[in-house]
*Asks:* 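Let me give you the structure first, and then I'll get to my questions.
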Protein chains: 2
Amino acid sequence: MRPESEVFREFLIHKGMRSTPEREEILAEVFAHHDHFDVEELIMRLRRRGLRISRASVYRTLALLVESGMVGEVYIEDGHMHYEHIYGHEHHCHLRCLGCRKLIEFRNGSLKEMEKRIGQENDFEIIGHKLEIYGYCAACRGEES
Amino acid sequence: MRPESEVFREFLIHKGMRSTPEREEILAEVFAHHDHFDVEELIMRLRRRGLRISRASVYRTLALLVESGMVGEVYIEDGHMHYEHIYGHEHHCHLRCLGCRKLIEFRNGSLKEMEKRIGQENDFEIIGHKLEIYGYCAACRGEES
DNA sequence: TTGTAAATGAGACTCTATATCATTATTTTA
DNA sequence: TAAAATAATGATATAGAGTCTCATTTACAA
């Protein structure tokens, strides 16, 4: 698998954009941890490494990473966007509890074929998918009755 | 199929909450049209019908409708949340273009079994799901090269 | 009917995200 | 390699979605 930095750099060049130290640092930090994160957390982590990259650049670079398909958006329901890296990591889906809003991750390898078919039917080049199943977790079902 | 109003009223009672004219009007308006909508649009539509329901109540009621599973959230990528009614309507999924951000709807009936299996494996009572496939639409693929 | 618990409405407030623009950095070209 | 052209960054202003507060009103139970 090609390194993230290389893939991202190619994406940028392909768009007629430049590779900058800020973009590379943000990319590195995004792929350095394995949890969902939001912009504020990402900025804090960069600060801890001694980097003072502006909020605006972080937002801008994240938008590019999403566009490239290397990073995914996850709407966690606490009012703002969260992100997760995708490139080079096993795909997972989300179970969301409508009662407590909790988000549970689970592996799910069985969407590949369906994805392919849908892409063909809709003339769409598929990069990835986001499956969120919602319902009620065991704890919330207990409380209800 | 039982009418929306009845299902929602039961949901409210089950939660120890009250049925109010405001909640019923909002419910009716949500199910009166078939497109994605946001809070601002919903308030305008209520106004056109001569109803002056406050923004706060609209937000509060929508949250309840989402919790009940009758309405789904769709993050349209223009910076704020959009909604769609679900109860009693055929399920559809979304294709999102990473280039132009366009959202394309498509029917997809083939997730039922997978859903069932996932629910059992995770001790989760499944109400519905949200599948978003992202990639590049034909127009954006053309522009790129 | 009356009491009480819950819901509404108005508007202040918070905070995420975007826009602006002067400055700085990168790339191109001559 | 220097200068010109172009793009990116950073600081900060701004926009706007969504939440909170609390006084008033309403729904429901007894």
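These numbers come from a predicted model, not from an experiment. Per chain, numbering begins at 1; letters A, B, ... match sequence-line order.
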*Asks:* Apply side chain to side chain contact (heavy atoms under 4.5 Å, CB included) to the pair Val30(A) and Tyr83(A), showing each step before the final yes or no.
*Replies:* CA-CA 9 Å; Val30(A) 163; Tyr83(A) 300 87; over 6 Å; no
*Asks:* Whether Ser57(B) contacts dA7(C) is assessed here as follows: a side-chain N or O lying under 4.0 Å from the phosphate OP1 or OP2. Is that the case?
*Replies:* no
*Asks:* Treating Ile, Leu, Val, Met, Phe, Trp and Tyr as nodes and any side-chain heavy-atom pair under 4.5 angstrom as an edge, say whether Leu65(A) and Phe11(A) lie in one connected cluster.
*Replies:* yes
*Asks:* Is it the case that the base of dT26(C) and the side chain of Arg18(A) share a donor-acceptor contact (distance under 3.5 Å, atom types as modelled)?
*Replies:* yes
*Asks:* Quick check on dA10(C): is either OP1 or OP2 less than 4.0 Å from any side-chain nitrogen or oxygen of Ser54(B)?
*Replies:* no
*Asks:* Without decimals, in angstroms, what is the distance between Leu62(A) CG and dT18(C) C1'?
*Replies:* 14 Å
*Asks:* Please state how far atom CZ in Arg52(B) lies from atom P in dA10(C), giving the value in whole angstrom units.
*Replies:* 9 Å
*Asks:* What is the separation between atom NZ on Lys15(A) and atom P on dT27(C), rounded to the nearest whole Å?
*Replies:* 18 Å
*Asks:* Which nucleotide of DNA chain D is the first, and which the last, in the 5' to 3' direction, to come under 4.0 Å of a heavy atom belonging to chain B?
*Replies:* dA17(D) to dC28(D)
*Asks:* Identify whether any heavy atom of Arg23(A) sits under 4.0 Å from a base atom; if not, whether one sits that close to sugar-phosphate; answer base, sugar-phosphate or nothing.
*Replies:* sugar-phosphate
*Asks:* When you match Ala56(B) and Ser19(B) each to their closest nucleotide on DNA chain D, which lands nearer the 5' end?
*Replies:* Ala56(B)
*Asks:* Measure the distance from CG on Asp38(A) to P on dA17(C) and round it to the nearest whole Å.
*Replies:* 8 Å
*Asks:* Just do the side chain to side chain donor-acceptor pair (under 3.5 Å) check on Glu115(B) and His129(B) with the steps written out, would you?
*Replies:* CA-CA 8 Å; Glu115(B) 210 176 67; His129(B) 67 259; 2.3 Å; yes
*Asks:* Are there more than 12 heavy atoms of other residues, nucleotides or ligands under 6.0 Å from atom CZ of Arg117(A)?
*Replies:* yes
*Asks:* Have a look at Arg55(B) and say if it touches a base, only the backbone sugar-phosphate, or nothing, with a 4.0 Å heavy-atom cut-off.
*Replies:* nothing
*Asks:* Could you tell me the separation between the CE atom of Met17(A) and the P atom of dT27(C), rounded to a whole number of Å?
*Replies:* 13 Å
*Asks:* In whole angstroms, how far is the C1' atom of dA7(C) from the CG atom of Leu12(B)?
*Replies:* 11 Å
*Asks:* So, does Arg9(B) use its side chain to make a donor-acceptor pair with the main chain of Ser19(B) at under 3.5 Å?
*Replies:* no
*Asks:* Assuming nearest nucleotide by heavy-atom distance, tell me which of Tyr59(A) and Val58(B) is located more 5' along DNA chain C.
*Replies:* Val58(B)
*Asks:* Should the pair His94(B) and His36(B) be assigned to parallel (<30°), tilted (30 to 60°) or perpendicular (>60°) ring geometry?
*Replies:* perpendicular
*Asks:* What is the distance, to the nearest angstrom, from the CD1 atom on Ile43(A) to the P atom on dT16(C)?
*Replies:* 10 Å
*Asks:* Calculate the interatomic distance between Leu46(B) atom CG and dT8(C) atom C1'; express it in whole Å.
*Replies:* 14 Å
*Asks:* Are the ring centres of His34(B) and His89(B) closer than 6.0 Å?
*Replies:* yes
